J.: 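Got a structure here, written out as structure tokens. Questions coming.
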There are 2 protein chains.
Amino acid sequence: MLETTDTKTQLLDCADDLIQRVGVNAMSYNDLSVAVGIRKASIHYHFPKKDDLVQALLARCSDAASQKYKSVARSDASVREKLDTLVGLYNSTLQNDKACSISMLSVEYQTQSETVKQSLDAAIKNTTSIYEEIFAQGKKEGLFAKAFDTHNAAFALYGFLIGTQILTRPLAERTIFLKAAKSYIDSLFR
Amino acid sequence: MLETTDTKTQLLDCADDLIQRVGVNAMSYNDLSVAVGIRKASIHYHFPKKDDLVQALLARCSDAASQKYKSVARSDASVREKLDTLVGLYNSTLQNDKACSISMLSVEYQTQSETVKQSLDAAIKNTTSIYEEIFAQGKKEGLFAKAFDTHNAAFALYGFLIGTQILTRPLAERTIFLKAAKSYIDSLFR
DNA sequence: TGTTAGAAACCTACTAGTTGGTAGGTAGGG
DNA sequence: CCCTACCTACCAACTAGTAGGTTTCTAACA
């Protein structure tokens, strides 16, 4: 029982990595089998259908993201620091040639099963509501220049982060992400 | 010589539509053949390789977008009106269950040919520079709350637009796009 | 004007490779 | 002994792409 990591987790790890790089539709069970070092058919033992894999992956990454974002939003840091930390998280995945799994799946939304679609909807709403906590704090502390609705502001930030991430990936000059983020966040404060 | 639309254009139209809905990798020559009403093999007459199709499509939509955005940026409207018009453009494609072709292609960037990659890079830079014109005008007129770099601000806006578009598509409640956009744009002005 | 050469735009019929998925067998540990 | 976790060996469906035949429009020409 001294296994490094159990196969199911390895599969999810590799699938997640592949999806963040090329998307769900470009990731095949064959790619996965090579990455994990297991025969293609054996993956079906753990995840009978590809949809099962995607569902499990989405559930896992949704939970992980939720936890990560909550720990940022509910820390004792300042609003500015919290937003900067969030930007840092997106920047590090970007610098690894990846993009947020949820945004990758959102793009390929129409090709997914009904279950995955619903989970995606929930995941987006969940993340938005966590980001909203940060804006609620900032609003309470009177830090912002405009009296915006916190929900709209949170969704706007979320969209901004995944959007600039997606647009930056094709560019050679990747420092633009952090610069744009600074520009965006600066404009929020009074 | 009273053809409605020539086949090559029809192919590009349908391919564009499909890509905006499901992405490049989920769009097949078979899907296209059904949509256009031509046999699958005949598509190869117009576009020998799928990559040829994507290249032609990207070139066309890049030009079209460039022209459209320029006409917005160089009109005699106010900065606020220009930004709102831009938001309106993205909103209308969103309400048709679509997303900007360039952002769809950017997500599937890693699976594309070197030529397409370069064109994408160019297209993103081009759009950014057009948006920058609007910010330059606003800066000159002293409309903004913060003294940001116009290039960073333009890229931020671009990322915001495609990002919120992607995030809104999976949601049933699609009015959030316009609300988030208003929230963002409001925060830019003094 | 009628004939014909040719090319443009399609077609049928095929290929090789890849996809997700299945059937059924096997090694090894509790 | 049986269950977990793999394996080999398949399959049908689909992928992009090719070969080669047919129609049809056009342009040249006697």
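In this text the structure is predicted, and so the values were computed from the model without any measurement. Chain identifiers are assigned alphabetically (A, B, ...) following the order of the sequence lines, protein sequences preceding nucleic acid strands; residue numbering begins at 1 within each chain. All heavy atoms count here, side chains included; hydrogens, waters and symmetry mates do not.
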J.: Could you list by number each residue of residues 12-23 of chain A showing a heavy-atom separation from DNA chain D of less than 4.0 Å, or answer none if no residue does?
T.: none
J.: Tell me every residue that passes ring-ring contact (aromatic ring centres under 6.0 Å, His included) with Tyr131(A), counting only those two or more places apart in sequence or in another chain.
T.: Tyr69(A), Tyr158(A)
J.: Please confirm whether Lys8(A) makes a cation-pi placement over Phe47(A), using NZ or CZ under 6.0 Å from the six-membered ring centre and within 45° of the ring normal.
T.: yes
J.: When you compare the side chain of Ile134(A) with that of Thr150(A), does any pair of heavy atoms fall below 4.5 Å?
T.: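 The answer is no; the side chains never approach within 4.5 Å.
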J.: Please tell me if the side chains of His151(A) and Ile176(B) come closer than 4.5 Å, counting only heavy atoms from C-beta onward.
T.: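 A side-chain contact under 4.5 Å exists here.
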J.: Answer with yes or no after comparing the ring centroid distance for Phe144(B) and Phe135(B) against a 6.0 Å cut-off, counting only values under it.
T.: yes
J.: Would you check if Leu157(A) and Leu86(A) make a side-chain contact, meaning some heavy-atom pair closer than 4.5 Å?
T.: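 When only atoms from C-beta onward are counted, Leu86(A) and Leu157(A) do touch, with a gap below 4.5 Å.
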J.: Walk me through whether Lys139(B) and Asp149(B) qualify under salt bridge (charged side-chain N to carboxylate O under 4.0 Å, His left out).
T.: CA-CA 9 Å; Lys139(B) 193 173 186 176; Asp149(B) 176 79; 5.8 Å; no
J.: Ring centroids only, cut at 6.0 angstrom: are Tyr184(B) and Tyr184(A) within range, meaning strictly under it?
T.: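 Yes, the ring centres sit under 6.0 Å apart.
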J.: So, is Thr7(B) near the phosphate of dA9(C), with a side-chain N or O under 4.0 Å from OP1 or OP2?
T.: no
J.: Starting at atom NZ of Lys50(A), determine the distance to atom P of dT19(C), rounded to an integer number of angstrom.
T.: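 Going from Lys50(A) (NZ) to dT19(C) (P), I get 9 Å.
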J.: Expected output is a numbered-order residue list: members of residues 31-47 of chain A with a heavy atom under 4.0 Å from any atom of DNA chain D. What is it?
T.: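 Those residues whose heavy atoms fall under 4.0 Å from DNA chain D, taken from residues 31-47 of chain A in numerical order, are Ile38(A), Arg39(A), Ala41(A), Ser42(A), Tyr45(A), His46(A).
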J.: Would you say dT15(D) has OP1 or OP2 under 4.0 Å from some side-chain N or O of Ser28(B)?
T.: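 Answer yes for this pair, as a side-chain N or O of Ser28(B) is under 4.0 Å from OP1 or OP2.
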J.: Kindly say if Asn30(A) contacts the phosphate of dG20(C), meaning a side-chain N or O under 4.0 Å from OP1 or OP2.
T.: no
